[in-house]
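Structure first, then comments.
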Amino acid sequence: MNRKVIGTACAAVLAIGLLGAAGTPAAADDGQEHGYLVLGPQGQSTKNAQKRVAAAGGTVVAAYDQIGVLVVRSTASDFASRVGGGLEVASTDGLGTTLIDDEETVAVDPASLGAPGDPTAEPLWGLQWDMQQIGVAEAQGVTTGDPSVVVGVLDSGIDSSHPDLKNQIAYDESASCLGGVVDTNESAWIPTTSDHGTHVAGTIAAEINGVGIAGVAPGVKVASVKVVNDDGYIYPEAAICGYLWAADHGMPVTNNSYFIDPWEFNCVNDPRQRPVWLAVQRALRYSAEKGTLTVASAGNSNVDLQHKFVDSGSPNDGSYPVEDRTITGACRDLPAEAPGVVTVSAVGPTAQKSYYSSYGQGVVDVAAPGGDTRFRTMGAARTLSDGVLSTVPGGWGYKQGTSMAGPHAAGVAALAVSAHPGMKPGQLASFLERTATPIACPAGVYNPVPQWVGNETAYEATCTGGARNGFYGAGNINAYNVVK
């Protein structure tokens with residue numbers, strides 16, 4: 001991304017945001033509270049911006065002076081026009097990337113205990129094709145991870161009573177960021193309506209305890225940073241709060257299995273989205289400077305993120321009429337396409353691109369197991385066990401999606417920083433790529449769905465590139481390679 005373009009857009013937003021608030025007529029009050037992000041001058045105090053907010057009829061609920069961003073609430077229907085440097089907060093898809101509704105609870109006999117310390121002795125290890133695919137058992141023969149390493153799980157919360165997770169949580173570093181405001185009470189950061197964050201956390205760090213499954217890095221800790229609300233939406237102010245919380249608490253890795261919108265792609269040349277785009281960029285840049293690597297899922301839309309296409313599904317929350325938008329280089333899937341983020345595509349048990357996974361040369365950095373439960377061959381039944389098995393409140397269950405691929409990469413990153421302390425985010429990202437197992441592009445047009453099933457062209461995709469390509473980036477992550 002051209003930094004001059006970013007700088008020019010930022011200056012324009014700030015100029016609007018700091019003019020015309022004082023001395024204007026009284027704000028129109030529609031009786032409904034709305035949320036906004038207001039961008040002040042980066043690197044300076046937000047006091048002047050806060051005065052403008054108050055004059056325009058707004059209330060600051062959180063001030064992130066580190067990046068010059070305010071989280072504001074107001075019942076003034078014309079607040080955005082009175083304080084032009086902000087944008088009404090857009091509701092987003094519940095878990096960012098589209099979750100595939102394939103899950104099944106697995107019953108485990110608590111008396112069926114394996115030998116603690118050996119991932120292959122966990123009762124459900126035989127169902128964890130994903131861990132076997134990336135060399136987890138071999139890696140854990142070297143290290144299970146350093147307990148001082150904390151991975152931030154920016155998601156819907158982690159079940160603190162789960163037997164595979166209760167000893168794995170960094171309780172003092174967990175918090176809710178809903179509304180853009182930090183709440184460290186455990187009741188605030190545990191899950192309420194979604195099991196997604198618990199599933200993600202289990203993939204990263206489920207304990208080797210003779211019960212259930214094995215995580216990629218069971219020696220590290222996970223912090224629950226709740227950014228998904230009970231309605232299943234992630235608002236920009238929650239994500240920004242989460243990035244800063246993780247960075248300020250020294251977390252070397254965060255996992256982000258979502259996108260921020262209601263717009264699946266935020267365009268810097270759209271005034272409705274530009275302040276969100278800029279605020280998220282500021283937060284991610286701050287995180288990297290503080291030593292945090294952001295790992296993000298590529299998305300489940302099976303779109304080529306490198307090339308132009310039409311987005312016909314945004315916004316998805318009713319805030320505006322759904323529009324057909326041509327997605328150009330000015331638009332980004334956030335956080336996946338932000339600079340410095342490790343973007344992860346998904347593969348299934350055959351280590352080929354999952355039918356749903358988005359892709360793009362120069363966008364996808366690495367691939368990881370995400371599951372693929374489609375029909376493999378003509379006449380075969382769908383196989384839920386081709387999804388990813390992990391923890392859910394009350395037990396264990398299957399899910400598939402790039403949401404499942406991301407935590408595999410985050411777990412491997414945690415093993416890498418455990419084995420090689422002191423890596424900066426850029427070094428760690430490069431190391432994950434250099435140690436990945438290369439996967440070549442399939443020949444011709446790729447379509448993993450047998451032709452007799454439904455719309456045979458629905459999941460067609462074309463891979464471009466050589467050793468580093470659009471489907472897999474540098475290749476499938478490899479846990480053993482990062483520790484040996």
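Positions are given from 1, in the same order as the sequence printed here.
Evaluation of the ring-ring contact (aromatic ring centres under 6.0 Å, His included) rule for Tyr480 yields no partner, not counting sequence neighbours. With sequence neighbours excluded, the residues that form a side chain to side chain donor-acceptor pair (under 3.5 Å) with Tyr243 are Tyr258. Qualifying side chain to side chain donor-acceptor pair (under 3.5 Å) partners for Thr462, counting only residues two or more places apart in sequence or in other chains: none. Contacts of Glu186 classified as side chain to side chain contact (heavy atoms under 4.5 Å, CB included), with partners at least two apart in sequence or in another chain: Ser160, Tyr171, Trp189, Ile190.
Under 3.5 Å, the side chains of Asn478 and Thr435 contain no donor-acceptor pair of N or O atoms. At a cut-off of 3.5 Å, with distance as the only test, a side-chain donor of Lys226 or Thr192 sits close to an acceptor on the other residue. Donor-acceptor pairing under 3.5 Å is lacking for the side chains of Ser174 and Asp172. Between Asn476 and Gln133, the side chains place a donor N or O and an acceptor N or O closer than 3.5 Å (distance only, hydrogens not considered). Checking Tyr64 against Glu237 by side-chain atom types alone, no donor-acceptor pair falls below 3.5 Å. With no hydrogens or angles considered, a side-chain donor-acceptor pair links Ser161 and Asp159 at under 3.5 Å.
Residue pairs meeting the salt bridge (charged side-chain N to carboxylate O under 4.0 Å, His left out) criterion with at least one member in residues 410-435, sequence neighbours excluded, are Glu433-Arg468.
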Tabulate below the donor-acceptor pairs under 3.5 Å that side-chain atoms of residues 337-345 make, not counting sequence neighbours, or state none.
| unit_1 | atom_1 | unit_2 | atom_2 | d |
| --- | --- | --- | --- | --- |
| Glu337 | OE2 | Asp333 | N | 2.9 |
| Thr343 | OG1 | Ala336 | O | 2.4 |
| Ser345 | OG | Phe471 | O | 2.7 |

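Just one of Asp386, Asp372, Thr373 meets the side-chain hydrogen bond (donor to acceptor under 3.5 Å, both in side chains) condition when paired with Gln400; it is Thr373.
Ile169 CD1 to Glu207 CD: the interatomic distance, rounded to the nearest 0.5 Å, is 11.0 Å.
Looking only at distances, a side-chain donor or acceptor of Ser418 sits under 3.5 Å from a matching main-chain atom of Ala414. For Ser287 (side chain) and Thr292 (main-chain N/O), no donor-acceptor pair under 3.5 Å exists by modelled atom type.
The pair Lys399-Asp195 meets the salt-bridge criterion, with a side-chain N (NZ, NE, NH1 or NH2) lying under 4.0 Å from an Asp/Glu carboxylate O.
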